[in-house]
Amino acid sequence: MDLKVSPLTKIISLSGFLALGFLLVILSCALFHNYYPLFDILIFLLAPIPNSLFSKSNLDNADFMSDSPSNAQDFGSFLTGLLATSGIALPVVFYHCQLIGLMSCVMSILGGLIIYSSIVVFSWFFHSSWEHEEDALFG
Amino acid sequence: MDLEQERGIFRFPFKFPTSAGIRRLCVYFSGILYAVGFWLFLDAVIYSKHANASDVHVTFVDWIPFLCSTFGTMIVNSIEKNRLLQGALSSGSGITSLGGDSLDSSVAWQARVVLFFGFALLAGGLSGSIVVLIIKFLVKNYNTYPTVGMGINNVLGNFCIVLSCIVLWIAQNMEDEYSYSLTL
């Protein structure tokens with residue numbers, strides 16, 4: 001599976017993907033004149049932050065003899081699970097409370113998932129490419 | 001490679017997940033459970049505000065069990081597990097050194113008391129939500145579903161939060177055993 005894709009193509013396609021997610025969420029608000037689902041974007045934008053923050057800090061003080069090696073990382077992954085589930089649960093709860101319609105609920109969940117997955121895939125792609133560059137640098 | 005093959009007799013076509021990986025998954029799962037509990041409760045609150053046809057509303061009394069469970073979760077999971085372990089070791093071994101042992105045992109006692117408070121808050125949250133369900137809804141004959149759903153959501157939400165705390169506790173203790181075997 002040695003598919004060569006240039007980083008520019010990755011960036012362009014991912015940004016298109018991200019824009020599609022935003023489009024879905026904003027459409028789910030604007031079509032029904034009901035702007036509650038916009039909170040979904042906020043939650044899904046916040047969701048990748050804890051993991052990236054705490055995994056970095058864990059790399060810095062990776063000490064063999066430290067008492068609690070990855071408490072911060074635990075907190076980060078706890079927050080990630082919490083926020084990602086909140087992003088899915090928020091439109092469902094709004095739908096159950098009759099604040100938004102079914103169509104709007106489905107569209108905002110889909111859009112939020114697309115936004116979150118494109119952010120995760122972005123960090124994943126470019127993390128690995130940075131590692132490759134380091135390999136090429138030192139190898 | 002030789003070390004890898006010496007470790008087990010059988011070969012499997014897949015890798016077993018490592019202890020750290022399981023631990024990470026457990027932490028994610030506990031976060032998911034906490035969010036489910038939180039949103040179940042928040043569902044009851046928003047439902048009572050916006051789509052409520054009955055004359056029962058969610059007031060501050062319904063918030064108390066949720067706050068208790070959340071504080072309990074925070075307290076239980078912010079305790080340093082090594083303190084508890086240290087106390088157990090020093091009280092379990094017959095060797096009593098001067099000074100250091102009494103300090104250890106007092107710290108372990110404090111940790112145990114705080115842990116007890118945390119678990120008491122968790123249990124109090126769960127039972128408090130059941131009490132709210134019975135006294136506010138069932139005793140006053142609000143038995144039909146959309147109304148009693150607010151109380152039941154409260155109970156389910158608190159139950160999910162307690163479950164998330166238990167999963168997080170198990171995950172952290174699993175890690176402790178792993179590092180313990182590493183140090184021994």
Side-chain angles (χ1 to χ4, degrees), chain A residues 34-37 39-40 42-44 46-55 58-59 62-102 104-105 108-109 112-113 116 120, chain B residues 19-21 23-53 58 70 73-74 77-83 85-86 146 149-150 153 157 160-161 164-165 167-169 171-176 178-180 182-183:
Chain A
N34 190 348
Y35 286 83
Y36 281 115
F39 286 109
D40 210 33
L42 184 70
I43 289 178
F44 272 118
L46 283 180
I49 291 178
N51 227 354
S52 57
L53 277 184
F54 288 116
S55 61
N58 187 51
L59 270 183
D63 190 5
F64 184 70
M65 294 301 286
S66 69
D67 282 331
S68 51
S70 50
N71 266 348
Q73 203 183 10
D74 270 358
F75 188 58
S77 42
F78 180 83
L79 277 186
T80 306
L82 199 153
L83 284 172
T85 317
S86 305
I88 299 172
L90 178 100
V92 174
V93 167
F94 281 174
Y95 169 63
H96 177 242
C97 298
Q98 301 165 13
L99 284 174
I100 58 176
L102 178 64
S104 165
C105 166
S108 58
I109 288 178
L113 282 181
Y116 182 62
V120 167
Chain B
S19 161
R23 173 164 188 269
R24 192 115 192 251
L25 277 186
C26 275
V27 175
Y28 276 127
F29 185 63
S30 105
I32 288 171
L33 274 178
Y34 187 84
V36 167
F38 177 69
W39 281 101
L40 274 173
F41 174 66
L42 217 62
D43 181 49
V45 175
I46 300 175
Y47 188 87
S48 138
K49 179 84 167 74
H50 283 281
N52 202 351
V58 171
T70 303
T73 308
M74 282 197 288
N77 287 303
S78 57
I79 288 179
E80 182 92 42
K81 302 290 185 300
N82 292 336
R83 295 280 172 270
L85 197 70
Q86 198 180 43
M150 287 187 282
N153 267 5
C160 280
I161 291 175
S164 108
C165 179
V167 169
L168 198 58
W169 174 264
Q172 287 179 342
N173 279 353
M174 194 161 67
E175 201 277 335
D176 273 346
Y178 169 70
S179 66
Y180 205 57
L182 200 72
T183 51

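In the text below, chain A, chain B and the rest are named by the order of the sequence lines, each starting its count at 1.
Among the residues in residues 38-48 of chain B, those with a non-hydrogen atom closer than 4.5 angstrom to a non-hydrogen atom of chain A are B/Trp39, B/Asp43, B/Ile46, B/Tyr47.
Tested against B/Tyr28, the residues A/Asn51, A/Asp74, A/Leu82, A/Thr85 include a single side-chain contact (heavy atoms from CB on, under 4.5 Å) partner, A/Asn51.
Residues meeting the side chain to side chain contact (heavy atoms under 4.5 Å, CB included) test with A/Pro50, sequence neighbours left out: A/Phe54, A/Leu79, A/Thr80, A/Leu83.
The two residues B/Ala51 and A/Cys97 make their nearest non-hydrogen contact at CB-O, 3.5 Å.
Counting non-hydrogen atoms of neighbouring residues, nucleotides and ligands closer than 6.0 angstrom, the OH atom of A/Tyr95 reaches no more than 12 such neighbours.
Top candidate by heavy-atom pairs under 4.5 Å with chain A, chosen from B/Gly31, B/Cys26, B/Ser30, is B/Gly31.
There is no contact between B/Leu33 and chain A, counting heavy-atom distances below 4.5 Å.
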